[in-house]
Asks: 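Take a look at the following structure, please.
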Amino acid sequence: MERHTTIISPEQITRQREYCTQVHDMNATLATAPLAYVDTYGCQQNEADSERIRGYLSEMGYEFTQDEHQAAVIVINTCAVREHAELRVLGNVGALTHTKRENPNQIICLCGCMMQEPHMAEKIKKSFRHVDLVFGPHALWRFPEFLWRIQTRRGRIFETADDPGSIAEGIPVERQGAIKAWVSIMYGCNNFCSYCIVPYVRGRERSRNPQDILAEVEELARAGYREITLLGQNVNSYGKDLGLGMDFADLLRAIDRVEGNFLVRFMTSHPKDAGDKLFDAMRDCAKVAPVIHLPFQAGNDRVLKAMNRGYTREGYLSKIRALRARIPHIVLTSDVIVGFPGETTEEFEDTLAVLREVEFDALFTFIYSPREGTPAAAMADVLTKEEKQANFQRLLDLQNEISLKKQQAYVGRTLRCLVDGEGEDERNNLTARTPGGRLVHFTGDKGLIGSDTDLNITSCSTWALFGEPV
Ligand code: SF4
């Protein structure tokens, strides 16, 4: 199979790193290192993109601040998945007129999915004149060039042309933390779920070469990272565009063979593409965590069809059965949308029935949010806002009941957990994760952070477990 993805050449990335050097040399003439402020909205893919933006900024000689007033460069990495997040971004960007007034040389950059929406880029151009640079996810690899052009005062830059997407290797990464790391294995999505903006703003599916992924995982394992999360909009499509005969299950098996003491997680899986081969690999690979996030979105077949999800309720349930037959202790999480256009309360009952049958460990729940340019945005509603809200509440109540029951089943058990950070109060000053990703609060020595510890689970809430070292 011939591959159509545009690969950004090593020479093009080298050129970007030369821009980094040029900006670095300009910054080196300042009395102190200039500061950059990076704010990230949305999903883990955006977090991973921001690590690349920070990598470039670091190479350009910037240090980082949490205070936008102090920053010479502000980068806001935006999310287009929900209207609420977009409104928050616009509010926060509007407030930056004050920081720019205090510091007219401040450079304000907006990037991410929201900037790839034509109407949004237009709005920023006309109404947010204090913003200097706007670029979509496709153009991230050119960030140093854009910043250099702005620093040498060539006006505002808008780089948001429609683009099916590319693959760029060799961008520096400034990771947040030394225990957990993100590794993007693919970009974009071909599924066009009728409510989702992602395929329009992140382009078509394109997989990184397995050798590049394995090299990154090996480097992370050597550096002592304990948890590696593989990212993609639909990881189960991995490899389809490569023509190498390697799919996601094969990739998991190859990663499992990498030497080191680490656990692998992945997200997000699409139920239509997840199947026995993946479940076998999850069962067989010691390094693959016993957890899967498998969004089912709705429990009614008519609604699933209108969502263009590509599976039925029974198809979904049969996959859960196949998975549990192989890994009985698997931790299962999912996403649900309530109030999809046309969904009746009777149809919504089917969603509650799926919850009762599967008993997910945790659920990410959303009330449908129309996204301009998607087919669902033109579909008619049959329920009022209040009716949708009432259904949403029923969903939350049921899931809270299930989550608590699931959490209670851990109490009295001893689990080997990865201590991953500091907690919020003195009594529970540390946090840890079970292999299945359940959060545990406990009291212990900070020196434990980054290590495996046996924890006796003593109590729980709906959201967290509480334990003590054995
Ligand atoms: Fe959006 Fe569907 Fe692709 Fe997920 S699989 S990113 S919901 S289009």
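Here the structure is a predicted model, which means the values were calculated and not measured. Both counts, for ligands and for their atoms, begin at 1 and track the order of listing.
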Asks: Does R204 pair with D241 as a salt bridge, N-O distance under 4.0 Å?
Replies: no
Asks: Heavy-atom contacts with H270 under 4.0 Å: which atoms of ligand 1 show up? List them by number with element.
Replies: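 Going through ligand 1 atom by atom, the ones under 4.0 Å from H270 are 5 (S).
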Asks: Using a strict 4.0 Å threshold on nitrogen-to-oxygen distance, state whether D397 and R394 make a salt bridge.
Replies: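 No salt bridge links D397 with R394.
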Asks: Tell me which one of R257, R326, R253, K277 satisfies salt bridge (charged side-chain N to carboxylate O under 4.0 Å, His left out) with D284.
Replies: R253
Asks: Tell me whether the NZ or CZ atom of R15 lies within the 45° cone about the ring axis of Y19 and under 6.0 Å from its centre.
Replies: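 Judged by the rule (NZ or CZ under 6.0 Å from the ring centre, within 45° of its axis), R15 counts as positioned above Y19.
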Asks: Between E216 and R175, does at least one N-O distance fall below 4.0 Å, as a salt bridge requires?
Replies: yes
Asks: For residues T78 and N46, report the shortest heavy-atom separation together with the two atoms involved.
Replies: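 Looking at all heavy atoms of both residues, the shortest contact is O-ND2, 2.8 Å.
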Asks: Quick one: does Q297 get a heavy atom under 4.0 Å from ligand 1?
Replies: no
Asks: Everything protein-side that's N, O or S and under 2.8 Å from atom 1 (Fe) of ligand 1: list it, residue and atom.
Replies: C196 SG
Asks: Looking at R309, which atoms of ligand 1 are within less than 4.0 Å of one of its heavy atoms?
Replies: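 Contacts of ligand 1 toward R309, numbered from 1: 2 (Fe), 7 (S).
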Asks: Step through the shown structure and confirm whether more than 12 heavy atoms of other residues, nucleotides or ligands are within 6.0 Å of CD on E218.
Replies: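 Enclosed.
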